[in-house]
Amino acid sequence: MSHEPVLRCEIIKKKFDQQRAFKAQTLLSRKVILKDDFQAIQVVAGTDLSYLRIQGKELGIAILVFLRYPSLKPWGCIYGVSEVCVPYIPGLLAFREMPPFAVALAMAKREGMNYDLLFVDGHGRAHPRRLGIASHIGVVTGQPSIGVAKRKLVGIEKDNMVIHNNEIIAKVLTRGKYKVYVSVGHRISLETAAKVVSKVWRKGRLPEPTRIADRISKHIKPMIMEMAGETEYLSGRCSSFLPTI
DNA sequence: GCGACAG
DNA sequence: ATCTTGTCGC
């Protein structure tokens, strides 16, 4: 008896239900801790994700870079690759980007690489159901996180804050011509989040953790392209890029 | 119906 | 995010 080969991605595509995703977000949002809940920060981590099309497949490459705090010296980096099986839908970004991040986070754990605070490339609470990807990752890992987004998703901007449903969901920070929206990811207050982001924003359009992750992301892409296709899931260290960054 | 819309 | 020609400025 022969079976038609069914791709994992096809199954996930079929299973993906937008309404259920909404409900999952609303449920998970109740677990977000909005107060400072962490010890002294010694290591911060930054994330970024880039995409790669190969053999008709869309791969997501997640970067997790670890920096000492407050020196901001990068000392380690992990990447995780997974096929992306969900389209980009505003408000449902986490469902699209979580799999590659899960691979990277698992690898980091395996290698004993830990962080005290994670800077995520995207919103946290500044989300229609209060569960942007920064909060999603925070709740799933149980670790403190902050959302740093380059553009607004919901709400109205007023006095360097973003208001939505009569609630302050984000703070607007600027550095020269650049601007970011900071929101609570998990286990941190909005005030502290804004304070820390401001502290690690040295140059460019993003604060150091995400800026470094972004640069590594672009450097590692050609390498992943060459070794792609050998296995479905890949992960590893990308620390060799650090001296170049 | 129209505009807004993380990455 | 990615693709992608041309242009502006250091």
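We use all heavy atoms of the structure for the numbers below, so side chains are in, but hydrogens, waters and symmetry mates are not. In what follows, chains carry the letters A, B, and so on, assigned in the order in which the sequence lines appear, proteins first and then strands, with residues in each chain numbered from 1.
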Checklist outcome for this item: Taken to the nearest whole Å, CD1/A/Ile63 to P/C/dA1 is 13 Å
Item to check | Test: A/Arg8 and A/Glu83 ion pair at under 4.0 Å | outcome: no
Item to check | Spacing of A/Arg205 atom CZ relative to B/dA6 atom P, expressed in whole Å | outcome: 14 Å
Next on the checklist: Quick check on contacts: within residues 150-163 of chain A, what sits under 4.0 Å from DNA chain B by heavy-atom distance?
Outcome noted: A/Lys150, A/Arg151, A/Lys152, A/Leu153
Checklist entry - Across the strands shown, which category fits A/Gly91 at heavy-atom distances under 4.0 angstrom: base, sugar-phosphate, nothing? => result base
Checklist entry - Which nucleotide in the set B/dG7, B/dA6, C/dT2 lies at the smallest distance from any side-chain heavy atom of A/His123? => result B/dA6
Next on the checklist: Considering every strand and a 4.0 Å limit on heavy-atom distances, what is the contact class for A/Ile133: base, sugar-phosphate, or nothing?
Outcome noted: base
Checklist outcome for this item: CD1 of A/Ile212 to CG of A/Leu206, rounded to nearest 0.5 Å, is 10.5 Å
Checklist entry - Should the pair A/Asp48-A/Arg215 be classified as a salt bridge under the 4.0 Å nitrogen-to-oxygen rule? => result no
Checklist entry - Atom CG of A/Asp121 and atom P of C/dT2: how far apart are they, to the nearest Å? => result 11 Å
Checklist entry - Counting any heavy atom closer than 4.0 Å, what does A/Leu92 reach on the DNA or RNA strands: base, sugar-phosphate only, or nothing? => result base
Checklist entry - Can you check the A/Asp48 CG to B/dA6 P distance for me, whole Å? => result 16 Å
Item to check | A/Tyr88 side chain near B/dA6 phosphate (N/O to OP1/OP2, under 4.0 Å) | outcome: yes
Checklist entry - Any chance CD1 of A/Ile168 has more than 12 other-residue heavy atoms, nucleotides or ligands included, within less than 6.0 Å? => result no
Checklist entry - Can you list every pair that meets ring pair (Phe, Tyr, Trp, His ring centres under 6.0 Å) and has a residue in residues 80-139 of chain A, with sequence neighbours left out? => result A/Phe16-A/Phe95, A/Phe95-A/His136
Next on the checklist: Measure CZ/A/Arg53 against P/C/dC3 and give the value in whole Å, please.
Outcome noted: 10 Å
Next on the checklist: Run the side-chain contact (heavy atoms from CB on, under 4.5 Å) test on A/Ser145 and A/Ile137 for me, step by step, so that the C-alpha distance in whole Å, both residues' side-chain angles and the decisive distance to 0.1 Å come before the verdict.
Outcome noted: CA-CA 8 Å; A/Ser145 65; A/Ile137 293 179; 5.7 Å; no
Checklist outcome for this item: Atom CZ of A/Phe101 and atom P of C/dA1 are separated, to the nearest Å, by 12 Å
Checklist entry - Roughly how many Å is it from NE2 in A/His164 to P in B/dA6, rounded to a whole number? => result 14 Å
Checklist entry - Nearest 0.5 Å, what's the CG-NZ distance between A/Leu72 and A/Lys199? => result 10.0 Å
Next on the checklist: Could you tell me how far apart A/Arg96 (CZ) and C/dT2 (P) are, to the nearest whole angstrom?
Outcome noted: 10 Å
Checklist entry - Contact class for A/Lys218 vs. all strands (heavy atom < 4.0 Å): base, sugar-phosphate, or nothing? => result nothing
